[in-house]
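Chain identifiers are assigned alphabetically (A, B, ...) following the order of the sequence lines, protein sequences preceding nucleic acid strands; residue numbering begins at 1 within each chain. No hydrogens, no waters, no symmetry mates; every other heavy atom, side chains included, goes into these values.
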Number of protein chains: 2
Amino acid sequence: MRLTHKQFREIAWNHGLAATHQRQVVYEAVIASHGHRSPEDIYASVRKRIPHISLATVYNNIRLFVDRGLLREVTPHAATLRVDGNLKPHHHLVCSRCKAVQDVEADFIDFKRLAPHIPDGFDLTRPVVEVFGLCRQCRTKTARKPK
Amino acid sequence: MRLTHKQFREIAWNHGLAATHQRQVVYEAVIASHGHRSPEDIYASVRKRIPHISLATVYNNIRLFVDRGLLREVTPHAATLRVDGNLKPHHHLVCSRCKAVQDVEADFIDFKRLAPHIPDGFDLTRPVVEVFGLCRQCRTKTARKPK
DNA sequence: CTCCTCTTTTATAATAATTATCAACCGATA
DNA sequence: TATCGGTTGATAATTATTATAAAAGAGGAG
Ligand SMILES: [Mn+2]
Ligand SMILES: [Mn+2]
Ligand SMILES: [Zn+2]
Ligand SMILES: [Zn+2]
């Protein structure tokens, strides 16, 4: 989706960001895709319009956009592998800030409402769900960084 | 949790794995922790019992255990950042094998059943949920690798 | 137990994603 | 025009993970 520079300036301004050309093109590339894209992927799109843009600029701006709430992060876990020795089916509660994971034993999925929205062929025989929120520590404004 | 070598051999055997000492100690370290641990973290525990173990061995065995179903992966997303330009609250359906993400618009969380299990202080005011399963392509045995 | 074969382990190098550094640049303003 | 603070971009650094290949170990046959 293309925006006028005025439109983008409005959006950026509302989030406390200067409206640079690079920023606008990165933002448009994400919005236009209607998908769930990676920085490399966005970089590829953006280069069609700004061939000499730096990959670092794409990363910088994506990170800024996520931090300021213009974009949502689709991979909100810890960045590194975590494993669980508990094989009993259970769900997880994940803190969006510090990434801590807790078990949730409850059975809280309403399959009657979920089923009609599952695409044909998708296998949900043993569904595992993660619910994201903010843990108590992180809810306070002086929250510490993830370990 | 400690196991006799015989007990571990039984477990490993059932999953088609040879029962080496390193494997047993790595496995015990994960199970004993009752948590959601990283390879580095597990490595630190294991070194207390096998000081000269290689980090690669820890990684190798964790990966094997996950592949063979002795452990569950807590971070089943694509390993790299993905962003979403759609800020309308919505949930995601994630393929555990190829990591593809699709939107789910349905409202399928039964808060009555979930609420009693949420720890005190956890902020769920705008809950975002991810449901994991297998997409149609990946459900077939000849599924291709993630892009 | 001994020998054999195949697997696993280990040290190390390689790869890949992301972040840090910092000089050059830009646009607004005095 | 000179200045100033934020931004960009080339590049180096960092971090997590995987690949490589030689040495050690596991398990099975005899
Ligand atoms: Mn768990
Ligand atoms: Mn989405
Ligand atoms: Zn937290
Ligand atoms: Zn899939």
Between B/His21 and A/Ile53, whichever has its closest DNA chain D nucleotide further toward 5' is A/Ile53
To the nearest 0.5 Å, atom CZ of A/Phe122 lies from atom SG of B/Cys138 at 9.0 Å
Between atom [atom1] in [X] and atom [atom2] in [N], what is the gap in whole Å?
X       : N      : atom1 : atom2 : answer
B/Glu40 : D/dT17 : CD    : P     : 8 Å
A/Arg9  : D/dT7  : CZ    : P     : 14 Å
B/Tyr59 : D/dT20 : OH    : C1'   : 18 Å
B/Leu81 : D/dA16 : CG    : C1'   : 16 Å
A/Asn61 : D/dG9  : CG    : P     : 9 Å
B/Glu73 : D/dA16 : CD    : P     : 16 Å
B/Leu55 : D/dT17 : CG    : P     : 9 Å
B/Asp41 : D/dA16 : CG    : P     : 12 Å

- Query: Quick one: are the ring centres of A/Phe132 and A/His92 less than 6.0 Å apart?
  - Reply: no
Discussion item. Taking the side chain as everything from C-beta on, heavy atoms only, tell me whether B/Leu114 gets closer than 4.5 Å to B/Asp110.
Written reply: no
For A/Ala106, is there any backbone N or O sitting under 3.5 Å from a side-chain donor or acceptor partner on B/Arg113?
no
Report yes or no: does B/Arg82 contribute a side-chain atom to a donor-acceptor pair with the main-chain N or O of B/His77 at less than 3.5 Å?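 Side chain of B/Arg82 to backbone of B/His77: no pair is present.
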Inset, instruction - Report yes if a side-chain nitrogen or oxygen of A/Thr20 is closer than 4.0 Å to either non-bridging phosphate oxygen (OP1 or OP2) of D/dT8; otherwise report no. - result: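 So the side chain of A/Thr20 is within the cut-off, an N or O lying under 4.0 Å from OP1 or OP2 of D/dT8.
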Can you figure out which of [options] approaches the side chain of [X] most closely?
X       : options                : answer
A/Ala56 : D/dA16, D/dA19, D/dT11 : D/dT11
B/Pro39 : D/dA10, D/dT17, D/dG28 : D/dT17
A/Gln22 : D/dT8, D/dA16, D/dG28  : D/dT8

For a ring pair (Phe, Tyr, Trp, His ring centres under 6.0 Å) check, start with the C-alpha distance between B/His91 and B/Phe108, then their side-chain angles and the critical distance, and finish with the verdict. CA-CA 10 Å; B/His91 305 304; B/Phe108 55 88; 5.2 Å; yes
Open item on the list: Any base atoms under 4.0 Å from B/Ala79, or only sugar-phosphate, or nothing? Heavy atoms, all strands.
Closed with: nothing
Which part of the nucleic acid, if any, lies within reach of A/Thr57 when heavy atoms closer than 4.0 Å are counted: base, sugar-phosphate only, or nothing?
base
The answer to which of B/Arg23 and A/Arg63 contacts DNA chain C further toward the 5' end, by nearest nucleotide, is B/Arg23
Using only heavy-atom distances, determine whether the side chains of A/Ser45 and A/Arg47 contain a donor-acceptor pair under 3.5 Å.
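Looking only at side-chain atoms, A/Arg47 and A/Ser45 do not form any donor-acceptor pair under 3.5 Å.
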query: Does anyone know the first and last nucleotide of DNA chain C in reach of chain A, 5' to 3', at under 4.0 angstrom to a heavy atom?
result: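 The footprint of chain A covers C/dA17 to C/dA20.
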